[in-house]
Amino acid sequence: MLTTDLDPATLTASQAADAIAEGRLTSEALLRACLDRIALRDDAVGAWAFLDPDLALAAARAADRGPVRGPLHGVPVGLKDIIDTYDMPTQCNSPIHAGRRPYADSAVAALIRAAGGIILGKTVTTEFANRFPGATRNPLNPAHTPGGSSSGSAAAVADGQVPLALGTQTSGSMIRPAAYCGVVGYKPSFGEVSRVGVFQQSGTLDTVGLCARSLEDVQRLRAVVSRIPYVPVGASATAPRIALCRTPEWAEASPAAQQALTEAAARLAAAGATVTDLELPAALFGGWPDAHRRIANFEGARNFGFERHRHRALISKALGEGRIRDGETTPLDAYIAAQRAAEAMRAWADEALDAVDVVLTLSAAGEAPVGLAATGSATFNSLWTLLYTPCLTLPHGAGPTGLPLGLQLVSARYEDERLFAAAGWVQSALAA
């Protein structure tokens with residue numbers, strides 16, 4: 001058992017993993033603490049689509065009997081309910097897939113288990129990871145959205161129900177809910193994490209995302225699902241080169257979000273960072289929202305082939321008359337033109353972002369909006385998804401109702417270690 005009086009559910013994943021490895025905590029005790037928290041809180045939060053406590057406890061007891069298998073040994077993880085597991089249903093928040101049990105684990109689930117992790121259950125997603133909301137509410141204020149589509153993952157981590165969770169991002173589905181719920185969210189460089197066994201919406205945009213309560217935890221989970229050695233990247237020893245990017249959509253951000261970003265940039269400059277402005281060329285980036293929409297919707301309409309042709313009446317109006325209808329009517333030449341435009345933008349971004357350590361920008365337009373009928377705008381996320389860049393959101397400041405705001409950090413694609421080093425420095429500088 002833990003040798004302190006701390007509730008195990010309040011531990012970060014790294015604290016818990018270290019305590020289990022050192023014999024100061026059992027995986028079963030940690031699982032029971034998480035399950036107690038879920039029993040206490042989930043009627044109000046609604047983060048879980050599927051839980052089997054007996055299954056999870058059996059896995060925890062097995063972990064306690066055996067040797068330490070990897071960086072997540074004995075630590076519970078939540079999976080967004082579009083990520084397959086052989087022993088739990090994957091239902092995508094749709095009656096079309098109600099009760100569907102995959103025959104195999106997704107790649108990420110298998111890697112988590114191989115590293116000793118415990119799959120606690122499936123977290124709520126919006127319908128097929130799109131815009132139609134699920135049952136989850138913001139754990140910090142249940143009258144407000146938790147964001148989407150990885151709503152349950154962010155809410156469960158923020159509420160102390162599980163220390164780690166996986167989501168996905170096609171537009172802003174990991175960064176935005178993490179920001180709304182006040183946790184650390186991470187979208188890796190496109191292609192770094194396998195999507196085998198993850199329900200596909202857009203083959204050239206979908207990315208598995210991670211959320212946790214610390215930067216160290218995100219790195220630990222990233223090492224496991226990327227199948228790379230776990231070597232934590234510490235904060236940069238030297239002040240980073242930071243590019244402040246307001247993006248062309250700056251006017252859509254709330255005054256509180258604008259102020260938080262502007263003041264953060266000033267504080268980082270005062271702490272020693274070299275801060276410059278990054279302007280996106282209008283001639284190249286003026287049409288980025290249309291490029292993202294055409295790619296995502298064209299591919300999505302085809303990936304929903306079974307659902308469209310066999311169960312169209314069970315698809316929500318928001319999805320059927322939104323993304324699917326738009327994708328069905330998008331011509332092939334428009335899709336190809338959008339892909340070519342995206343490649344041109346990526347080529348520009350590769351060069352521009354390689355000249356700095358990190359881009360500082362908004363995680364969302366503001367704090368989590370009131371109401372549960374929508375999940376908020378992905379305007380400040382979709383561009384970076386389109387560019388294939390790694391992104392992190394760190395909690396920073398609060399909006400007018402007291403809900404958290406976030407700062408988004410972005411590095412050149414495939415420079416995820418550079419992103420973590422700069423993020424560590426940024427976090428320390430802003431905490432000083």
Side-chain angles (χ1 to χ4, degrees), residues 46-47 49 79-84 90-98 100 122-137 145-155 165-178 180 185 187 195 198-209 211 289-330 335 338 364-365 368-369 371-383 385-386:
L79 301 185
K80 184 177 182 176
D81 192 27
I82 65 168
I83 301 175
D84 284 351
T90 303
Q91 304 176 95
C92 302
N93 193 20
S94 169
I96 299 170
H97 290 265
R100 181 177 70 87
K122 297 296 183 69
T123 57
V124 171
T125 176
T126 59
E127 178 195 28
F128 294 113
N130 270 269
R131 306 291 291 178
F132 190 69
T136 309
R137 294 167 289 281
T145 178
S149 60
S150 305
S151 46
S153 292
L166 292 184
T168 59
Q169 179 158 312
T170 305
S171 298
S173 295
M174 189 74 267
I175 297 297
R176 188 174 78 262
Y180 283 173
K187 183 197 78 67
R195 296 171 299 165
V198 180
F199 186 90
Q200 186 175 111
Q201 179 172 202
S202 170
T204 59
L205 293 174
D206 293 351
T207 308
V208 174
C211 65
D290 283 340
H292 178 277
R293 175 184 59 79
R294 287 173 179 168
I295 293 168
N297 294 0
F298 182 93
E299 294 178 354
R302 285 144 185 85
N303 288 332
F304 286 116
F306 169 75
E307 292 79 9
R308 288 167 55 216
H309 294 297
R310 295 297 300 271
H311 299 285
R312 186 104 190 195
L314 296 178
I315 297 173
S316 71
K317 182 178 179 181
L319 176 57
E321 297 184 8
R323 172 157 287 175
I324 290 177
R325 180 68 54 78
D326 183 67
E328 288 172 330
T329 57
T330 297
Y335 168 75
L372 303 176
T375 61
S377 170
T379 296
F380 292 97
N381 315 118
S382 300
L383 171 62
T385 304
L386 184 69

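All values below were derived from every heavy atom in this structure, side-chain atoms included, with hydrogens, water molecules and symmetry-related copies excluded. Start at 1 with the first residue, then count along the sequence.
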Hey, does the side chain of Glu299 reach the backbone of Thr204 with a donor-acceptor pair shorter than 3.5 angstrom?
-> yes

Exam field: side chain His292 to backbone Thr170, donor-acceptor pair closer than 3.5 Å | yes

Where is the tightest heavy-atom contact between Tyr180 and Ala364, given as atom of each residue plus distance?
-> CE2-CB, 3.7 Å

Identify the two heavy atoms, one from Pro369 and one from Gly376, that lie closest to each other, and give their separation to 0.1 Å.
-> CG-CA, 4.3 Å

Does Glu321 have any side chain to side chain donor-acceptor pair (under 3.5 Å) partners at least two apart in sequence or in another chain, and if so, which?
-> none

State, yes or no, whether a side-chain contact exists between Pro133 and Leu372 at a heavy-atom distance under 4.5 Å.
-> no

Write down the atom of Asp81, the atom of Ala49, and the distance for their closest heavy-atom approach.
-> OD2-CB, 3.8 Å

Which class fits the ring pair Phe199 and Phe304: parallel under 30°, tilted 30 to 60°, perpendicular over 60°?
-> tilted

Would you say the side chain of Ser153 lies within less than 4.5 Å of the side chain of Cys211, judging by non-hydrogen atoms?
-> yes

Thr385 vs Ile175 side-chain heavy atoms within contact, under 4.5 Å | no

Taking all heavy atoms of Arg100 and all of Cys92, pick out the closest pair and write down the distance.
-> NH2-SG, 4.4 Å

Close side-chain approach of Met174 and Thr168, heavy atoms under 4.5 Å | no

When you measure from the side chain of Thr207 to the backbone N and O of Leu205, does any donor-acceptor pair fall under 3.5 Å?
-> yes

Keeping the roles fixed (side chain from Arg325, backbone from Arg323), state whether a donor-acceptor pair exists under 3.5 Å.
-> no

Gly327 versus Ala301, closest heavy-atom pair with distance | C-CB, 3.7 Å

Answer yes or no: is there a donor N or O on one side and an acceptor on the other, between the side chain of Asp206 and the main chain of Gln201, under 3.5 Å?
-> yes

Would you find a donor on one side and an acceptor on the other, under 3.5 Å apart, between the side chain of Asn93 and the backbone of Thr125?
-> yes

Which atom pair, heavy atoms only, marks the closest approach of Ala47 to Thr136?
-> CA-OG1, 3.9 Å

Going from CD1 on Ile315 to CG on Asn130, what distance comes out if it is rounded to the nearest 0.5 angstrom?
-> 10.0 Å

Between Thr90 and Lys122, does any side-chain donor sit less than 3.5 Å from a side-chain acceptor?
-> yes

Side-chain donor-acceptor pair present, Arg176, Thr375, cut-off under 3.5 Å | yes

In this structure, CZ of Phe128 is separated from CD1 of Ile82 (nearest 0.5 Å) by 10.0 Å

Would you indicate whether Phe132, at its atom CZ, is surrounded by more than 12 heavy atoms from other residues, nucleotides or ligands within a distance under 6.0 Å?
-> no

State, without any angle test, whether Ser150 and Gln169 hold a side-chain donor-acceptor pair at a distance under 3.5 Å.
-> no

Examine distances only and state if a side-chain atom of Asp326 and a backbone atom of Ile324 form a donor-acceptor pair shorter than 3.5 Å.
-> no

How about Thr126 and Arg131: do any of their side-chain heavy atoms sit closer than 4.5 Å?
-> no

Are Glu127 and Ser94 close enough that a side-chain donor and a side-chain acceptor fall under 3.5 Å?
-> no

For Arg302, enumerate each residue passing the salt bridge (charged side-chain N to carboxylate O under 4.0 Å, His left out) test, keeping only those at least two apart in sequence or located in another chain.
-> none

Can you tell me if Ser382 uses its side chain to pair, donor with acceptor, with the backbone of Thr379 under 3.5 Å?
-> no

If you round to the nearest 0.5 Å, how far is CG of Leu383 from OG of Ser171?
-> 11.5 Å

Flag for Ser173-Lys80: side-chain donor and acceptor within less than 3.5 Å = no

Between CG on residue Asn297 and OG1 on residue Thr329, distance to nearest 0.5 Å | 8.5 Å

